[in-house]
Amino acid sequence: MTSNILKPFLILIFVGALIGSCSKKSVEEIPETEISSNFESGSIGEVTKESDHKWVLALKNDNDNPDLPERWRNWWYVRMDHVSQSVPTEIRIKNRGWPYYYTPVYSYDQENWFRFTEEEVTQNEDNELLINKKFEHLRVWIARFYPYTFSHLEIFIEEWNTHPSLKIQTAGKTQENRIIYLLTISDFDVDIENKKRVIMHARTHPAETPPSFLLEGMIDFLLSGSSEAKEILKTHEFSIFPMQNVDGVISGNYRSTPLSENLEVMWYYDTDNPVNLKPEAPQEVSVIHQYAKELMSDGGPPVSLALNLHASNSEPDIRTFFYPHFGTLEQGYSEAEASLWGKQIAFINSLAMHLGSDMIEPTTEEGGSSFASKTYPESWWWVNYQDQVMAMTMEQTYGRAGYAPYWVQPDDMRAMGVHVALGIRDYFNGKSGSNEFIKWANTASEGILKYPHLYPPRAKDELKE
Ligand SMILES: [Zn+2]
């Protein structure tokens with residue numbers, strides 16, 4: 001039985017509960033922030049809400065595969081909905097495969113991207129990144145670096161679709177049946193006979209987006225109709241595979257295919273007849289290989305330059321760098337090995353002439369030979385064609401990358417693409433003057449490395465000895 005004395009209190013509690021439930025209902029009408037990654041190239045692992053505007057985002061392994069090395073964990077790309085415009089949002093990024101500080105990027109429309117400032121991003125002693133930012137719209141996309149998706153590529157290709165100096169082909173399909181594009185760029189009215197043949201491929205590692213911007217810049221320049229570009233097209237043929245690992249790009253992987261394959265090391269050549277690959281080579285590799293083989297035997301001039309485009313995680317001021325192979329005669333290398341080394345150094349010199357020698361990391365004093373017994377694309381080129389083909393990997397970087405104090409942006413990478421085109425032209429012209437080893441101006445990296453043992457190009461994970 002309830003006593004009469006308690007009754008008013010119970011009524012108060014009842015009314016209070018009513019009010020409480022009403023106010024709770026009105027809170028629910030303001031939707032909670034939601035974080036998702038179920039879109040092209042999106043990726044995130046565990047998402048934890050610490051309080052209303054405070055989130056912890058943990059990076060995940062490619063394909064949620066627990067057996068992959070932690071260094072393969074780097075890419076993340078999320079969408080946040082119902083973000084407060086009055087209170088700063090705090091995001092802690094953890095489970096990162098690399099310890100380097102960086103500033104991620106954000107966008108309100110997936111087209112115009114902005115870098116967070118260094119004031120908005122700090123790093124704690126666990127190497128987690130802490131973002132603190134008051135956003136201006138309810139919806140924001142945030143990513144490790146400027147995304148470049150398969151759709152982005154298709155839009156870019158479509159824009160040049162009818163250009164007479166561009167041939168767009170489907171070179172083959174990925175394991176998930178998507179198009180592997182091949183773009184051939186040349187002045188097709190000029191006979192192939194006296195042209196230099198160049199082959200390039202990018203996005204073997206899906207999240208390495210800088211080469212896609214570089215290729216956009218290079219292609220825009222080559223097709224621009226400028227007299228300089230027209231001259232290059234009369235004397236060169238470029239075969240470009242702009243996106244090798246399309247499935248990995250779409251699924252939001254950093255380094256591998258949906259089957260967790262690292263295509264970079266899967267040029268499984270047949271040792272009995274090394275011009276061919278073994279059947280177990282994934283089709284993303286066979287498609288490029290098959291075309292390269294064709295170019296080497298179709299009666300036209302053989303390929304003489306093969307560039308393998310990548311981007312490397314590194315400290316903020318590390319600039320673009322290369323993996324030249326072998327070294328000089330004096331260092332004990334054979335004639336052919338020293339010749340390849342000389343061509344690689346000449347190419348780097350030629351690019352430096354246009355890009356600026358202070359925009360390239362110092363090259364190692366010798367490149368070593370072990371790549372030759374491995375299964376990189378360059379291994380296949382070397383085993384079959386030795387120094388006839390200047391095959392080399394180029395690594396762009398994601399940070400200030402030589403552009404300090406600001407952080408590299410898509411237009412810088414596009415500009416680099418123009419320099420690559422001019423560098424290729426002058427490499428063939430012999431205008432770089434010297435194939436002597438040049439110790440590059442080392443202004444950016446000297447004395448400022450926080451992790452000298454991880455300094456690219458000596459980072460174990462990516463090293464191509
Ligand atoms: Zn790579």
Side-chain angles (χ1 to χ4, degrees), residues 41 43 59 61-63 65 68-77 96-98 100 102 143-150 153 174 180 199-215 240-267 282 284-285 288 306-315 318-325 360-361 364 367 371 374-381 391-399 401 408 413 416-417 420 454-465:
S41 292
S43 173
L59 271 62
N61 284 1
D62 284 5
N63 317 309
N65 181 342
L68 300 183
E70 68 169 26
R71 293 273 171 79
W72 288 26
R73 204 167 54 231
N74 176 62
W75 177 249
W76 56 280
Y77 180 13
R96 301 169 55 220
W98 295 82
Y100 309 122
Y102 64 83
R144 187 269 178 255
F145 192 73
Y146 302 96
Y148 194 107
T149 60
F150 181 62
L153 173 69
T174 65
I180 299 175
I199 189 166
M200 298 168 83
H201 71 282
R203 306 299 291 278
T204 305
H205 294 142
E208 294 176 359
T209 66
S212 290
F213 296 107
L214 183 150
L215 285 175
I240 302 169
F241 291 88
M243 195 173 278
Q244 181 184 19
N245 191 348
V246 177
D247 298 340
V249 169
I250 288 176
S251 64
N253 280 355
Y254 163 42
R255 210 167 167 79
S256 66
T257 66
L259 293 179
S260 296
E261 297 153 318
N262 178 11
L263 299 175
E264 183 62 9
V265 296
M266 299 178 86
W267 283 62
E284 288 85 355
V285 171
I288 298 181
L307 271 187
N308 179 8
L309 301 176
H310 288 256
S312 178
N313 288 284
S314 53
E315 298 203 39
I318 303 304
R319 299 149 291 178
T320 293
F321 62 89
F322 288 87
Y323 286 116
H325 304 298
I360 300 178
E361 280 302 294
T364 46
F371 88 99
K374 291 178 180 158
T375 48
Y376 300 117
E378 291 83 13
S379 315
W380 179 81
W381 286 107
M392 185 162 57
T393 292
M394 174 175 176
E395 297 272 359
Q396 291 171 263
T397 56
Y398 304 91
V408 67
M413 300 181 273
M416 193 184 282
V420 168
L454 294 177
Y455 170 63
R458 293 173 199 95
K460 277 235 155 51
D461 188 58
E462 305 238 19
L463 194 62
K464 259 191 189 155
E465 284 179 308

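Computed over heavy atoms, backbone and side chain alike; hydrogens, waters and symmetry mates excluded. Numbers here are sequence positions counted from 1. Whatever order the structure lists ligands and atoms in, that order sets their numbers, starting from 1.
- Side-chain contact annotation: Glu264 with Asn308, donor-acceptor N/O pair under 3.5 Å present.
- Counting heavy atoms from C-beta on, the side chains of Leu309 and His201 never come closer than 4.5 Å.
- Shortest distance from the Zn ion (ligand 1) to His310 is reached at ND1 (N/O/S atoms only).
- Note on Glu264: not counted as a metal contact of the Zn ion (ligand 1), no N/O/S atom lying under 2.8 Å.
- Side-chain contact check for Asn65 and Ser260: at least one donor-acceptor pair (N or O, by modelled atom type) lies under 3.5 Å.
- In terms of distance to the Zn ion (ligand 1), the nearest N, O or S atom of His205 is named ND1.
- The side-chain heavy atoms of Ser312 and Gln396, taken from C-beta on, include no pair separated by under 4.5 Å.
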